[in-house]
There are 2 protein chains.
Amino acid sequence: MNEIFDLLFKKVNEKVSLSEAEQEICKSFFIYKKIRKRQYLLQESEVCKYTAFVVKGSLRLYTVNEKGAEHVLQFALEGWIIADLYSFITGEPSSYNIDALEDTEVLLLSKSAQEEMVQLVPAIQQYYYLLMQNAYVALQRRMTIAISQTADEKYNNLLATYPEIIQRVPQHMIASYLGFKPETLSRIRRKNL
Amino acid sequence: MNEIFDLLFKKVNEKVSLSEAEQEICKSFFIYKKIRKRQYLLQESEVCKYTAFVVKGSLRLYTVNEKGAEHVLQFALEGWIIADLYSFITGEPSSYNIDALEDTEVLLLSKSAQEEMVQLVPAIQQYYYLLMQNAYVALQRRMTIAISQTADEKYNNLLATYPEIIQRVPQHMIASYLGFKPETLSRIRRKNL
DNA sequence: GCGTTTTCTTGACAAATGTCAATGCTTTTT
DNA sequence: AAAAAGCATTGACATTTGTCAAGAAAACGC
(Lines give C-alpha, C1' and ligand atoms only; values in the text may rest on other atoms or scores of the structure.)
Protein backbone atom coordinates (compact mmCIF):
# COMPACT_ATOMS: atom_id res chain seq x y z
CA MET A 1 0.00 0.00 0.00
CA ASN A 2 2.62 2.55 -0.94
CA GLU A 3 0.51 4.51 -3.38
CA ILE A 4 -0.83 6.26 -0.30
CA PHE A 5 2.04 8.70 -0.66
CA ASP A 6 1.94 9.07 -4.44
CA LEU A 7 -0.27 12.14 -4.50
CA LEU A 8 1.63 13.82 -1.66
CA PHE A 9 5.00 13.56 -3.37
CA LYS A 10 3.54 14.45 -6.72
CA LYS A 11 2.40 17.71 -5.14
CA VAL A 12 5.68 18.28 -3.30
CA ASN A 13 7.77 17.68 -6.41
CA GLU A 14 5.78 20.28 -8.33
CA LYS A 15 7.46 22.86 -6.07
CA VAL A 16 10.75 21.37 -4.81
CA SER A 17 12.86 18.31 -5.69
CA LEU A 18 13.24 15.52 -3.18
CA SER A 19 15.51 12.48 -3.64
CA GLU A 20 14.11 8.98 -3.11
CA ALA A 21 16.00 8.83 0.18
CA GLU A 22 14.53 12.11 1.36
CA GLN A 23 11.06 10.97 0.44
CA GLU A 24 11.52 7.83 2.52
CA ILE A 25 12.54 9.92 5.52
CA CYS A 26 9.50 12.14 5.13
CA LYS A 27 7.11 9.22 4.95
CA SER A 28 7.93 8.18 8.49
CA PHE A 29 6.52 11.40 9.93
CA PHE A 30 3.01 11.11 8.54
CA ILE A 31 0.16 9.22 10.13
CA TYR A 32 -2.25 7.58 7.72
CA LYS A 33 -5.89 7.66 8.75
CA LYS A 34 -9.28 6.73 7.34
CA ILE A 35 -12.33 8.72 8.30
CA ARG A 36 -15.95 7.84 7.64
CA LYS A 37 -18.41 10.31 6.17
CA ARG A 38 -19.65 12.77 8.84
CA GLN A 39 -16.86 11.79 11.22
CA TYR A 40 -14.94 14.62 12.90
CA LEU A 41 -11.24 15.21 12.35
CA LEU A 42 -11.38 18.19 14.71
CA GLN A 43 -14.07 19.45 17.06
CA GLU A 44 -14.54 22.89 18.53
CA SER A 45 -12.61 23.38 21.80
CA GLU A 46 -10.05 20.70 20.91
CA VAL A 47 -6.55 21.74 19.95
CA CYS A 48 -5.77 21.19 16.26
CA LYS A 49 -2.76 18.87 16.56
CA TYR A 50 -2.38 17.95 12.91
CA THR A 51 -2.50 19.31 9.43
CA ALA A 52 -4.28 16.83 7.16
CA PHE A 53 -3.25 16.14 3.57
CA VAL A 54 -6.22 14.67 1.70
CA VAL A 55 -5.34 11.44 -0.11
CA LYS A 56 -8.91 10.56 -1.00
CA GLY A 57 -12.33 12.04 -0.28
CA SER A 58 -13.26 15.49 0.99
CA LEU A 59 -13.62 17.52 4.16
CA ARG A 60 -14.80 20.91 5.38
CA LEU A 61 -13.63 23.41 7.98
CA TYR A 62 -16.50 25.32 9.58
CA THR A 63 -17.76 27.26 12.59
CA VAL A 64 -21.05 26.88 14.43
CA ASN A 65 -22.38 30.11 15.94
CA GLU A 66 -24.53 30.58 19.07
CA LYS A 67 -27.70 30.04 17.07
CA GLY A 68 -26.42 26.75 15.66
CA ALA A 69 -25.81 28.10 12.16
CA GLU A 70 -22.84 26.57 10.35
CA HIS A 71 -20.41 28.64 8.28
CA VAL A 72 -18.03 26.78 5.99
CA LEU A 73 -14.64 28.42 5.77
CA GLN A 74 -12.86 25.89 3.60
CA PHE A 75 -13.30 22.70 1.63
CA ALA A 76 -10.51 20.24 0.93
CA LEU A 77 -10.47 17.72 -1.91
CA GLU A 78 -7.71 15.30 -2.92
CA GLY A 79 -4.29 16.94 -2.79
CA TRP A 80 -5.36 19.79 -0.51
CA ILE A 81 -4.32 20.38 3.09
CA ILE A 82 -6.79 21.26 5.81
CA ALA A 83 -6.37 22.38 9.42
CA ASP A 84 -7.22 25.21 11.79
CA LEU A 85 -3.86 26.86 11.39
CA TYR A 86 -4.40 29.25 14.27
CA SER A 87 -4.95 26.50 16.78
CA PHE A 88 -2.22 24.38 15.19
CA ILE A 89 0.35 27.16 15.57
CA THR A 90 -0.61 28.53 18.97
CA GLY A 91 -1.82 25.35 20.67
CA GLU A 92 -4.99 27.12 21.73
CA PRO A 93 -8.39 25.39 21.52
CA SER A 94 -9.97 25.65 18.11
CA SER A 95 -13.25 27.41 17.43
CA TYR A 96 -13.66 25.42 14.22
CA ASN A 97 -14.77 21.93 13.30
CA ILE A 98 -13.43 19.72 10.57
CA ASP A 99 -15.42 16.75 9.31
CA ALA A 100 -15.52 14.44 6.33
CA LEU A 101 -18.07 14.91 3.54
CA GLU A 102 -17.36 11.46 2.13
CA ASP A 103 -15.39 8.45 3.33
CA THR A 104 -11.94 9.97 3.38
CA GLU A 105 -8.25 9.11 3.76
CA VAL A 106 -5.74 11.62 5.11
CA LEU A 107 -2.07 11.90 6.02
CA LEU A 108 -1.69 13.67 9.35
CA LEU A 109 1.39 15.64 10.33
CA SER A 110 1.91 17.07 13.80
CA LYS A 111 3.78 20.27 14.51
CA SER A 112 6.71 18.47 16.13
CA ALA A 113 6.86 15.94 13.29
CA GLN A 114 6.95 18.78 10.79
CA GLU A 115 9.75 20.49 12.71
CA GLU A 116 11.84 17.32 12.85
CA MET A 117 11.19 16.63 9.19
CA VAL A 118 12.36 20.11 8.24
CA GLN A 119 15.60 19.52 10.17
CA LEU A 120 16.31 16.30 8.28
CA VAL A 121 15.05 17.43 4.87
CA PRO A 122 15.56 21.21 4.57
CA ALA A 123 14.06 21.38 1.07
CA ILE A 124 10.69 20.61 2.60
CA GLN A 125 10.79 23.91 4.48
CA GLN A 126 10.75 25.71 1.17
CA TYR A 127 7.77 23.60 0.12
CA TYR A 128 5.78 24.69 3.15
CA TYR A 129 6.72 28.30 2.59
CA LEU A 130 5.49 28.19 -1.00
CA LEU A 131 2.36 26.36 0.09
CA MET A 132 1.63 29.09 2.61
CA GLN A 133 2.18 31.79 -0.01
CA ASN A 134 -0.20 30.09 -2.42
CA ALA A 135 -2.82 29.63 0.23
CA TYR A 136 -2.58 33.30 1.13
CA VAL A 137 -2.87 34.46 -2.46
CA ALA A 138 -5.88 32.22 -3.04
CA LEU A 139 -7.59 33.46 0.10
CA GLN A 140 -6.90 37.06 -0.87
CA ARG A 141 -8.59 36.43 -4.20
CA ARG A 142 -11.59 34.96 -2.42
CA MET A 143 -11.70 37.96 -0.10
CA THR A 144 -11.73 40.32 -3.09
CA ILE A 145 -14.72 38.46 -4.46
CA ALA A 146 -16.43 38.45 -1.08
CA ILE A 147 -16.34 42.24 -0.74
CA SER A 148 -17.01 43.15 -4.35
CA GLN A 149 -19.45 40.70 -5.97
CA THR A 150 -23.12 39.76 -5.77
CA ALA A 151 -24.34 36.32 -4.72
CA ASP A 152 -24.85 35.41 -8.36
CA GLU A 153 -21.33 36.44 -9.35
CA LYS A 154 -19.80 34.64 -6.38
CA TYR A 155 -21.48 31.41 -7.37
CA ASN A 156 -20.49 31.63 -11.02
CA ASN A 157 -16.98 32.45 -10.00
CA LEU A 158 -16.74 29.34 -7.86
CA LEU A 159 -18.27 27.32 -10.65
CA ALA A 160 -15.58 28.54 -13.03
CA THR A 161 -12.68 28.19 -10.58
CA TYR A 162 -13.50 24.98 -8.70
CA PRO A 163 -16.16 23.08 -10.64
CA GLU A 164 -15.27 19.96 -8.70
CA ILE A 165 -16.42 21.52 -5.45
CA ILE A 166 -19.79 22.33 -6.98
CA GLN A 167 -20.13 18.77 -8.18
CA ARG A 168 -19.19 17.00 -4.99
CA VAL A 169 -20.44 19.24 -2.17
CA PRO A 170 -24.10 19.63 -1.06
CA GLN A 171 -25.58 22.96 -2.11
CA HIS A 172 -26.38 24.22 1.34
CA MET A 173 -22.68 23.96 2.21
CA ILE A 174 -21.70 25.82 -0.93
CA ALA A 175 -24.14 28.59 -0.04
CA SER A 176 -22.63 28.71 3.42
CA TYR A 177 -19.10 28.89 1.97
CA LEU A 178 -20.14 31.76 -0.29
CA GLY A 179 -21.84 33.64 2.52
CA PHE A 180 -25.55 33.38 1.73
CA LYS A 181 -28.55 31.09 2.25
CA PRO A 182 -29.44 27.83 0.45
CA GLU A 183 -32.67 29.38 -0.83
CA THR A 184 -30.69 32.15 -2.49
CA LEU A 185 -28.43 29.61 -4.18
CA SER A 186 -31.44 27.65 -5.36
CA ARG A 187 -32.89 30.79 -6.97
CA ILE A 188 -29.61 31.70 -8.60
CA ARG A 189 -29.41 28.26 -10.16
CA ARG A 190 -32.94 28.46 -11.47
CA LYS A 191 -32.30 31.85 -13.02
CA ASN A 192 -29.03 30.78 -14.67
CA LEU A 193 -30.48 27.80 -16.54
CA MET B 1 18.84 58.82 10.22
CA ASN B 2 19.17 55.28 11.46
CA GLU B 3 15.92 55.15 13.35
CA ILE B 4 14.41 54.37 9.98
CA PHE B 5 15.09 50.71 10.69
CA ASP B 6 14.11 50.71 14.36
CA LEU B 7 10.54 49.61 13.84
CA LEU B 8 11.51 46.96 11.30
CA PHE B 9 13.99 45.23 13.59
CA LYS B 10 11.71 45.61 16.56
CA LYS B 11 9.16 43.60 14.58
CA VAL B 12 11.69 41.06 13.35
CA ASN B 13 13.10 40.47 16.82
CA GLU B 14 9.64 39.70 18.16
CA LYS B 15 9.82 36.52 16.10
CA VAL B 16 13.49 35.63 15.55
CA SER B 17 16.81 36.87 16.97
CA LEU B 18 19.26 38.70 14.76
CA SER B 19 22.75 39.78 15.82
CA GLU B 20 23.88 43.37 15.26
CA ALA B 21 26.04 42.15 12.39
CA GLU B 22 23.12 40.36 10.76
CA GLN B 23 20.95 43.42 11.10
CA GLU B 24 23.59 45.51 9.35
CA ILE B 25 23.67 43.04 6.46
CA CYS B 26 19.91 43.13 6.16
CA LYS B 27 19.76 46.90 6.09
CA SER B 28 21.68 47.01 2.84
CA PHE B 29 18.90 45.22 0.95
CA PHE B 30 16.10 47.65 1.71
CA ILE B 31 15.31 50.79 -0.25
CA TYR B 32 13.99 53.68 1.77
CA LYS B 33 11.31 55.74 0.09
CA LYS B 34 8.97 58.61 0.92
CA ILE B 35 5.56 58.80 -0.71
CA ARG B 36 3.18 61.71 -0.65
CA LYS B 37 -0.48 61.33 0.17
CA ARG B 38 -2.44 59.97 -2.84
CA GLN B 39 0.75 58.91 -4.61
CA TYR B 40 0.84 55.39 -6.06
CA LEU B 41 3.26 52.76 -4.89
CA LEU B 42 1.79 50.30 -7.42
CA GLN B 43 -0.62 50.78 -10.30
CA GLU B 44 -2.79 48.25 -12.04
CA SER B 45 -1.00 46.50 -14.93
CA GLU B 46 2.45 47.14 -13.42
CA VAL B 47 4.37 44.26 -11.91
CA CYS B 48 4.63 44.46 -8.13
CA LYS B 49 8.40 44.47 -7.72
CA TYR B 50 8.60 45.20 -4.00
CA THR B 51 7.04 44.40 -0.70
CA ALA B 52 6.74 47.57 1.36
CA PHE B 53 7.29 47.73 5.11
CA VAL B 54 5.53 50.80 6.51
CA VAL B 55 7.83 52.94 8.64
CA LYS B 56 5.42 55.85 8.92
CA GLY B 57 2.02 56.68 7.50
CA SER B 58 -0.56 54.40 5.88
CA LEU B 59 -1.49 52.82 2.55
CA ARG B 60 -4.22 50.79 0.94
CA LEU B 61 -4.34 47.92 -1.56
CA TYR B 62 -7.43 48.05 -3.78
CA THR B 63 -9.01 47.07 -7.09
CA VAL B 64 -11.00 49.23 -9.47
CA ASN B 65 -13.71 47.40 -11.40
CA GLU B 66 -15.08 48.11 -14.90
CA LYS B 67 -17.59 50.57 -13.45
CA GLY B 68 -14.88 52.51 -11.65
CA ALA B 69 -15.85 51.27 -8.19
CA GLU B 70 -12.96 50.80 -5.76
CA HIS B 71 -12.69 47.83 -3.43
CA VAL B 72 -10.15 48.01 -0.64
CA LEU B 73 -8.54 44.66 0.10
CA GLN B 74 -6.04 45.74 2.71
CA PHE B 75 -4.82 48.67 4.78
CA ALA B 76 -1.30 48.99 6.14
CA LEU B 77 -0.28 51.15 9.08
CA GLU B 78 3.15 51.46 10.73
CA GLY B 79 4.83 48.09 11.13
CA TRP B 80 2.70 46.34 8.51
CA ILE B 81 3.82 45.02 5.14
CA ILE B 82 1.87 45.64 1.96
CA ALA B 83 2.20 44.27 -1.58
CA ASP B 84 0.27 42.40 -4.26
CA LEU B 85 1.81 39.08 -3.35
CA TYR B 86 0.48 37.31 -6.43
CA SER B 87 2.17 39.72 -8.80
CA PHE B 88 5.28 39.84 -6.62
CA ILE B 89 5.66 36.06 -6.70
CA THR B 90 4.72 35.35 -10.29
CA GLY B 91 6.01 38.50 -11.97
CA GLU B 92 2.66 38.93 -13.73
CA PRO B 93 1.03 42.37 -14.01
CA SER B 94 -0.98 43.32 -10.98
CA SER B 95 -4.71 43.93 -11.02
CA TYR B 96 -4.43 45.96 -7.83
CA ASN B 97 -3.35 49.46 -6.91
CA ILE B 98 -1.49 50.59 -3.83
CA ASP B 99 -1.48 54.22 -2.77
CA ALA B 100 -0.71 56.31 0.29
CA LEU B 101 -3.49 57.63 2.53
CA GLU B 102 -1.11 60.04 4.27
CA ASP B 103 2.44 61.16 3.63
CA THR B 104 4.22 57.87 4.12
CA GLU B 105 7.67 56.30 4.47
CA VAL B 106 8.37 52.73 3.45
CA LEU B 107 11.21 50.24 3.20
CA LEU B 108 11.05 48.41 -0.11
CA LEU B 109 12.44 44.91 -0.64
CA SER B 110 12.63 43.28 -4.04
CA LYS B 111 12.28 39.55 -4.61
CA SER B 112 15.95 39.13 -5.54
CA ALA B 113 17.05 41.22 -2.57
CA GLN B 114 14.95 39.04 -0.28
CA GLU B 115 16.45 35.89 -1.76
CA GLU B 116 20.00 37.15 -1.31
CA MET B 117 19.26 38.30 2.19
CA VAL B 118 17.89 34.89 3.12
CA GLN B 119 21.12 33.30 1.85
CA LEU B 120 23.26 35.54 4.03
CA VAL B 121 20.97 35.60 7.07
CA PRO B 122 19.05 32.31 7.22
CA ALA B 123 17.15 33.28 10.37
CA ILE B 124 15.26 35.84 8.30
CA GLN B 125 13.70 33.04 6.27
CA GLN B 126 11.99 31.82 9.40
CA TYR B 127 10.75 35.36 10.01
CA TYR B 128 9.09 35.50 6.62
CA TYR B 129 7.54 32.10 7.10
CA LEU B 130 6.00 33.16 10.42
CA LEU B 131 4.86 36.43 8.90
CA MET B 132 3.13 34.55 6.12
CA GLN B 133 1.45 32.23 8.62
CA ASN B 134 0.18 35.16 10.66
CA ALA B 135 -1.10 36.95 7.61
CA TYR B 136 -2.96 33.82 6.54
CA VAL B 137 -4.55 33.30 9.93
CA ALA B 138 -5.64 36.95 10.10
CA LEU B 139 -7.14 36.77 6.63
CA GLN B 140 -8.95 33.56 7.48
CA ARG B 141 -10.49 35.28 10.49
CA ARG B 142 -11.60 38.15 8.28
CA MET B 143 -13.09 35.67 5.79
CA THR B 144 -15.08 34.00 8.57
CA ILE B 145 -16.54 37.37 9.49
CA ALA B 146 -17.24 38.20 5.85
CA ILE B 147 -19.39 35.10 5.32
CA SER B 148 -21.14 35.02 8.68
CA GLN B 149 -21.85 38.53 9.95
CA THR B 150 -24.09 41.47 9.13
CA ALA B 151 -22.77 44.89 8.10
CA ASP B 152 -23.31 46.15 11.63
CA GLU B 153 -21.38 43.27 13.19
CA LYS B 154 -18.57 43.59 10.69
CA TYR B 155 -18.10 47.23 11.54
CA ASN B 156 -18.14 46.69 15.29
CA ASN B 157 -15.73 43.85 14.89
CA LEU B 158 -13.26 46.04 13.02
CA LEU B 159 -13.74 48.76 15.61
CA ALA B 160 -12.83 46.30 18.37
CA THR B 161 -9.92 44.69 16.52
CA TYR B 162 -8.27 47.61 14.74
CA PRO B 163 -9.56 50.86 16.27
CA GLU B 164 -6.61 52.67 14.73
CA ILE B 165 -7.84 51.92 11.23
CA ILE B 166 -11.24 53.40 12.04
CA GLN B 167 -9.58 56.54 13.39
CA ARG B 168 -7.20 57.14 10.55
CA VAL B 169 -8.97 55.96 7.42
CA PRO B 170 -11.86 57.77 5.64
CA GLN B 171 -15.20 56.08 6.20
CA HIS B 172 -15.94 55.35 2.58
CA MET B 173 -12.75 53.28 2.41
CA ILE B 174 -13.69 51.40 5.55
CA ALA B 175 -17.09 50.63 4.06
CA SER B 176 -15.35 49.39 0.93
CA TYR B 177 -12.99 47.22 2.99
CA LEU B 178 -15.95 45.69 4.82
CA GLY B 179 -17.89 45.06 1.64
CA PHE B 180 -20.75 47.55 1.74
CA LYS B 181 -21.58 51.15 0.81
CA PRO B 182 -20.66 54.38 2.64
CA GLU B 183 -24.32 55.19 3.18
CA THR B 184 -24.77 51.90 4.99
CA LEU B 185 -21.81 52.66 7.25
CA SER B 186 -23.17 56.11 7.97
CA ARG B 187 -26.48 54.60 9.06
CA ILE B 188 -24.80 51.98 11.21
CA ARG B 189 -22.87 54.70 13.00
CA ARG B 190 -25.99 56.74 13.61
CA LYS B 191 -27.83 53.76 15.03
CA ASN B 192 -24.98 52.74 17.33
CA LEU B 193 -24.67 56.10 19.10
C1' DG C 1 -8.19 83.05 4.81
C1' DC C 2 -11.03 81.56 0.81
C1' DG C 3 -12.63 78.89 -2.67
C1' DT C 4 -12.54 74.08 -4.15
C1' DT C 5 -12.83 69.45 -3.62
C1' DT C 6 -13.74 65.57 -0.98
C1' DT C 7 -16.29 63.30 2.46
C1' DC C 8 -20.28 62.42 5.29
C1' DT C 9 -25.18 62.40 6.15
C1' DT C 10 -30.02 62.00 5.13
C1' DG C 11 -34.39 60.75 2.83
C1' DA C 12 -37.22 58.29 -0.51
C1' DC C 13 -37.36 54.48 -3.07
C1' DA C 14 -35.49 50.06 -5.44
C1' DA C 15 -33.25 45.74 -5.45
C1' DA C 16 -31.10 41.86 -3.26
C1' DT C 17 -31.17 38.61 0.18
C1' DG C 18 -33.23 36.43 4.36
C1' DT C 19 -37.11 34.08 6.82
C1' DC C 20 -40.63 30.88 7.29
C1' DA C 21 -43.41 27.21 5.97
C1' DA C 22 -44.86 23.69 2.85
C1' DT C 23 -43.76 20.12 -0.46
C1' DG C 24 -41.44 16.62 -3.02
C1' DC C 25 -37.19 14.27 -3.89
C1' DT C 26 -32.94 11.62 -2.41
C1' DT C 27 -30.26 9.19 0.43
C1' DT C 28 -29.51 6.66 4.52
C1' DT C 29 -30.82 3.57 8.06
C1' DT C 30 -33.10 -0.20 9.83
C1' DA D 1 -39.08 -2.47 1.48
C1' DA D 2 -40.38 0.88 4.65
C1' DA D 3 -39.34 4.57 7.55
C1' DA D 4 -36.57 8.35 8.66
C1' DA D 5 -33.56 11.92 7.87
C1' DG D 6 -31.50 15.20 5.05
C1' DC D 7 -31.69 18.13 1.06
C1' DA D 8 -33.49 21.13 -2.64
C1' DT D 9 -37.17 23.95 -4.32
C1' DT D 10 -40.85 27.29 -4.20
C1' DG D 11 -43.95 31.16 -2.77
C1' DA D 12 -45.25 34.99 0.17
C1' DC D 13 -43.48 38.29 2.82
C1' DA D 14 -39.83 40.81 5.90
C1' DT D 15 -35.49 42.87 6.38
C1' DT D 16 -31.22 44.51 4.91
C1' DT D 17 -28.56 46.85 1.84
C1' DG D 18 -28.02 49.61 -2.45
C1' DT D 19 -29.12 53.68 -5.46
C1' DC D 20 -29.78 58.31 -6.39
C1' DA D 21 -29.95 63.01 -5.32
C1' DA D 22 -29.31 66.86 -2.34
C1' DG D 23 -27.18 69.42 1.09
C1' DA D 24 -23.89 70.08 5.11
C1' DA D 25 -19.45 69.55 6.98
C1' DA D 26 -14.66 68.90 6.78
C1' DA D 27 -10.19 68.87 4.66
C1' DC D 28 -7.12 70.65 1.18
C1' DG D 29 -4.57 73.71 -1.84
C1' DC D 30 -3.21 78.12 -2.90
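In what follows, every chain begins at residue 1, and chains take the letters A, B, ... in the order their sequences are listed. Worth saying up front: this structure is predicted, and the values here are computed from it rather than measured.
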Exercise. Counting only non-hydrogen atoms, which of residues 156-164 of chain A are less than 4.0 Å from DNA chain C?
Worked result: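 Contacts with DNA chain C under 4.0 Å: none.
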Which atom pair, heavy atoms only, marks the closest approach of [X] to [Y]?
X: A:R189; Y: A:Y155; answer: NH1-OH, 3.4 Å
X: A:L42; Y: A:C48; answer: CD1-CA, 3.7 Å
X: B:F180; Y: B:L185; answer: CE1-CB, 3.9 Å

Exercise. Can you tell me if A:Q125 uses its side chain to pair, donor with acceptor, with the backbone of A:P122 under 3.5 Å?
Worked result: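 Flag not set: sc A:Q125 to bb A:P122 has no pair under 3.5 Å.
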For this session: First locate atom OG1 of B:T104, then atom CG of B:L41, and finally report the distance between them rounded to the nearest 0.5 Å.
Result: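 Interatomic distance, B:T104 OG1 to B:L41 CG, rounded to 0.5 Å: 9.0 Å.
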Problem set entry | Nucleotides bounding contact with chain B, strand DNA chain C, heavy-atom threshold 4.0 Å |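 On DNA chain C, the outermost contacted nucleotides are C:dT6 to C:dA12.
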Exercise. Can you give one letter per nucleotide of nucleotides 4-10 of chain D, going 5' to 3': B for a protein heavy atom under 4.0 Å from the base, S for sugar-phosphate only, - for none?
Worked result: --SSSBB
For this session: Going by the side-chain hydrogen bond (donor to acceptor under 3.5 Å, both in side chains) test, name the single residue among B:K37, B:K56, B:R168, B:R36 that passes it with B:E102.
Result: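 That would be B:R168.
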Exercise. How far apart are the C-alpha atoms of B:K11 and B:I81, what are their side-chain angles, what is the distance that settles it, and do they pass the side chain to side chain contact (heavy atoms under 4.5 Å, CB included) test?
Worked result: CA-CA 11 Å; B:K11 286 279 173 185; B:I81 289 175; over 6 Å; no
Exercise. Could you walk me through whether B:Y162 and B:F75 pass the side chain to side chain contact (heavy atoms under 4.5 Å, CB included) check?
Worked result: CA-CA 11 Å; B:Y162 300 109; B:F75 295 113; over 6 Å; no
Problem set entry | B:R38/B:D99 ion pair, N-O < 4.0 Å |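 No, B:R38 and B:D99 are not salt-bridged.
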For this session: Starting from C1' on D:dC28, measure out to CG on B:D103 and report it in whole angstrom.
Result: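 Rounded to the whole Å, the gap is 12 Å.
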Exercise. Just wondering, more than 12 heavy atoms not from B:K49 lying within 6.0 Å of its NZ?
Worked result: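 Counting other residues, nucleotides and ligands, NZ of B:K49 stays at 12 neighbours or fewer.
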